[in-house]
K.L.:
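Below is one structure. I have some questions about it.
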Amino acid sequence: SIASADMDLNQLEAFLIAQTKKQGGITSDQAAVIAKFWKNHRTKIHESLVNQSRWENALKNMNWRVDLKSQSRHIDQINTPVAIVEMELGKNGQ
Amino acid sequence: VDIKWKLGVAMSSDTCRSLKYPYVTVMLKMADSSGQIKDKSFEMTILQFQNFFRQFKEMAAVLETV
């Protein structure tokens, strides 16, 4: 619940207090441990959840170079700088 | 041949109710040597996009100086 809602510290505190008050809920010691864990790992956990919802192509790698055409069949293309870009696109693991 | 982009924010997903994940999607229309048009799209996080943008800025600078 905490990860799904990506709770900030205020929400976390309110949520944990409510859990300690519930019957069969957690103790205040357990609440403190959970709070510490979430504070320390929130960013990484959220990042992991974000990655689970990415399934489109991602840009894995990108290379580029700039060429200068020095000779050409068509005179008007001489001395034209050209950028050539290579992009590697892939999905998870591909 | 053509480039399209869009900035989106994924609000929620089946694994996370409060996702709030901003991303950039780029769509490239490319013509290969035979003239056939192909569509390729990909998604970048904001950090990845900033790197992508920086690469093109570098390219533009080099193209100016050549």
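The chains referred to below are lettered A, B, ... by the order of the sequence lines, with proteins before strands, and numbering in each begins at 1.
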K.L.:
Starting at CG of A:Asp6, measure out to OG of B:Ser18 and round the result to the nearest 0.5 Å.
P.N.:
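So the gap between those two atoms works out to 5.0 Å.
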K.L.:
Could you report the tightest heavy-atom contact between B:Met59 and A:Val66, atom names first, then the distance?
P.N.:
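What the structure gives for the nearest pair is O-CG2, 4.4 Å.
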K.L.:
If you round to the nearest 0.5 Å, how far is CG of A:Asn57 from CE of B:Met44?
P.N.:
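It comes to 11.5 Å.
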K.L.:
Using non-hydrogen atoms only, which part of A:Val82 is less than 4.5 Å away from chain B: side chain, backbone, both, or neither?
P.N.:
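The backbone, not the side chain.
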K.L.:
Does some side-chain heavy atom of A:Trp64 sit less than 4.5 Å from a side-chain heavy atom of B:Glu58?
P.N.:
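SC-SC contact between B:Glu58 and A:Trp64 confirmed.
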K.L.:
Closer than 3.5 angstrom, by distance alone: can the side chain of A:Arg54 be matched with the main-chain N or O of B:Glu43 as a donor-acceptor pair?
P.N.:
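Yes; judged by distance alone, with no hydrogens or angles, the pair exists.
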K.L.:
Just verifying a value: how many Å separate A:Leu89 CG and B:Ser41 OG, rounded to the nearest 0.5 Å?
P.N.:
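A:Leu89 CG to B:Ser41 OG: 8.5 Å, rounded to 0.5 Å.
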K.L.:
Report whether B:Ile46 and B:Tyr21 are members of the same hydrophobic cluster (ILVMFWY, side-chain heavy atoms less than 4.5 Å apart, transitive linking).
P.N.:
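B:Ile46 and B:Tyr21: separate clusters.
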K.L.:
Between B:Val62 and B:Phe52, is there a shared hydrophobic cluster once you connect ILVMFWY residues whose side-chain heavy atoms come closer than 4.5 Å?
P.N.:
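Yes, B:Val62 and B:Phe52 fall within the same hydrophobic cluster.
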K.L.:
Please classify the contact of A:Met87 with chain B as side chain, backbone, both or neither, using a heavy-atom distance under 4.5 Å.
P.N.:
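Looking at A:Met87, just its side chain touches chain B.
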K.L.:
Counting heavy-atom pairs under 4.5 Å with chain B, which one of A:His46, A:Met7, A:Arg65 comes out on top?
P.N.:
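Maximum pair count with chain B is reached by A:His46.
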K.L.:
Let me confirm one number: the NZ-CG distance from B:Lys40 to A:Leu59, rounded to the nearest 0.5 Å.
P.N.:
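Answer for the NZ-CG pair, B:Lys40 versus A:Leu59, is 12.5 Å.
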K.L.:
Please state whether the side chain, the backbone, both or neither of B:Thr45 comes within less than 4.5 Å of a heavy atom of chain A.
P.N.:
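Both the backbone and the side chain of B:Thr45 come within 4.5 Å of chain A.
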K.L.:
Let me confirm one number: the NZ-CZ distance from A:Lys60 to B:Phe42, rounded to the nearest 0.5 Å.
P.N.:
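Here the rounded value is 13.0 Å.
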K.L.:
Rounded to the nearest 0.5 Å, what separation is found between the CD atom of A:Gln52 and the SG atom of B:Cys16?
P.N.:
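Result: 9.0 Å between the selected atoms.
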